[in-house]
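Proteins get letters first, then strands, A, B, ... in listed order; numbering begins at 1 in each.
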Amino acid sequence: MPEGHTIHALAGRLNRAYAGKPVRASSPQGRFADSAAQLDGEVLIGAQAAGKHLLVEVDGDRWLHVHLGLIGNFAVTPLADGIRPEDVPVQGEVRLRLASDTHVADLRGPMVCALITAQEAHSVLDRLGPDPLRADADPDEAWARISRSGKTITELLMDQAVIAGVGNVYRCEVLWRHRIDPHRPGRELRQSSWDTIWADLVRLLPLGVAYGQILTLEPQVEEAERRLAAGEEPPVITGRSLGTTFPREFATYKRAGEPCPTCDSRIRTAKVAGRTLYWCGRCQRRR
DNA sequence: AGGTGATGGTCAC
DNA sequence: TGACCCTCACCTG
């Protein structure tokens, strides 16, 4: 489920639930028991996302590093009145449970869950390319790599050292939105095309954070922007639920053989570096 | 009831 | 290139 927008939303949820307060930590599954014991009772200073990585600073110069991978889930649930954290049943293999008087957060199936030093946390950040959701992001750093790479733009968009936070859905959809051939080598991409991709991701990803779902069809994107501008509060995402404000619709993703919204040509599919790419062979022809 | 693939990534060969 | 990590939704029957 997670691309960068999911992790940024998660960091916000964790901050609202726990930041500045001591947290109870446990590992019902047991695999993370030692680290949970070290976390237990410490003040959770703040959570931040960098691409698909979650970094939570904890008192005592320690950082909790979580990467959900493809199948992981970190469900933050507010407690109903009178319910204590220990009353919430543990369902499945919960690697880490964070609890307070107000919330329970259960981590399942992560690719990474580790307690690391500040230095190690910085090295995680250093390995990542710019993240369109972060204020400190510099798109020129990504362009420097893209413009001298023989790899295709679709591979480069998935390379977290080039740009952080983009996954398979956003890469397929953003290339379709700008009619860019996914097989075009980075070094043959015009800088104006890159600037357009970056600006679009800066526009799209915050909508994904706000609504808890990937929005890439222009009518949905504009409707989401309109609602946010009008001050509408998106529904709060809790537990394992996903955003359902808008129907789950894409232009290319998982639409192999179906008509392109623009030209009716059939959406094509191919495995690229182990992941399924979707694109319109007509709109996204090399030009 | 069982199988499969998935919005990810690493590592060994 | 494929095994693995190890969860869940969505098929098939």
Point to revise | A/R179 and A/Q284 side chains, donor-acceptor separation under 3.5 Å | key: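 No, no side-chain donor-acceptor pair sits under 3.5 Å.
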
Please list, for nucleotides 3-7 of chain C, all pairs of protein and nucleotide N/O atoms separated by less than 3.5 Å.
| unit_1 | atom_1 | unit_2 | atom_2 | d |
| --- | --- | --- | --- | --- |
| C/dC6 | OP1 | A/R31 | NH1 | 2.2 |
| C/dC6 | OP1 | A/R31 | NH2 | 2.0 |

Rounded to whole angstrom units, what separation is found between the [atom1] atom of [X] and the [atom2] atom of [N]?
X	N	atom1	atom2	result
A/L54	B/dG9	CG	P	14 Å
A/L215	B/dT7	CG	C1'	13 Å
A/R275	B/dG5	CZ	P	14 Å
A/K254	B/dT4	NZ	C1'	10 Å
A/L277	B/dT7	CG	C1'	14 Å
A/Y211	B/dT7	OH	C1'	20 Å
A/L128	B/dT10	CG	C1'	15 Å
A/D131	B/dG8	CG	P	14 Å

Check your understanding: Would you say B/dT7 has OP1 or OP2 under 4.0 Å from some side-chain N or O of A/H5?
Key -> no

Revision key, fill the gap. Among the nucleotides B/dA6, B/dT7, B/dG8, whichever has the atom closest to the side chain of A/K52 is B/dG8

Practice item. For A/R171, report the nucleic acid contact type (base, sugar-phosphate, nothing); a contact means any heavy atom under 4.0 Å. Key: nothing

**Study point:** Pair A/R203-A/E218, salt bridge (charged side-chain N to carboxylate O under 4.0 Å, His left out): steps then yes or no
**Key:** CA-CA 11 Å; A/R203 179 187 181 202; A/E218 191 59 19; 2.9 Å; yes

Review point. Between A/R177 and A/D200, is the closest basic N to carboxylate O distance under 4.0 Å?
Key: yes

Exercise for review: Could you tell me whether A/E141 and A/R145 make a salt bridge, using a distance below 4.0 angstrom between a side-chain N and a carboxylate O?
Suggested key: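 No, no charged N to carboxylate O under 4.0 Å.
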
Point to revise | Pairwise P distance for B/dG5 and C/dG2, with rounding to whole Å | key: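 Pairwise P distance, B/dG5 against C/dG2, rounds to 14 Å.
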
Review point. P atom, C/dC4 versus B/dT4: distance in rounded Å?
Key: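 It comes out at 15 Å once rounded to the nearest Å.
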
Exercise for review: To the nearest 0.5 angstrom, please state how far the NE2 atom of A/H5 sits from the NZ atom of A/K52.
Suggested key: 10.5 Å

Review point. Is the A/H65 ring parallel, tilted or perpendicular to the A/H53 ring (thresholds 30°, 60°)?
Key: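 Judged by the thresholds at 30° and 60°, the geometry between A/H65 and A/H53 is parallel.
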
Review point. Would you call the rings of A/F250 and A/Y253 parallel, tilted or perpendicular, where under 30° means parallel and over 60° means perpendicular?
Key: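 Perpendicular: the ring planes of A/F250 and A/Y253 meet at over 60°.
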
Exercise for review: State the dot-bracket string of DNA chain B. Criteria: Watson-Crick or G-U wobble, both atom distances under 3.5 angstrom; notation: ( ) intrastrand, [ ] crossing earlier pairs, | interstrand, . unpaired.
Suggested key: ||||||.|||||.

**Study point:** Of A/V166, A/I197, A/T216, the residue whose pairing with A/V174 passes side chain to side chain contact (heavy atoms under 4.5 Å, CB included)
**Key:** A/I197

Point to revise | Residue of the set A/D136, A/D131, A/D138 for which side chain to side chain donor-acceptor pair (under 3.5 Å) holds with A/R134 | key: A/D136

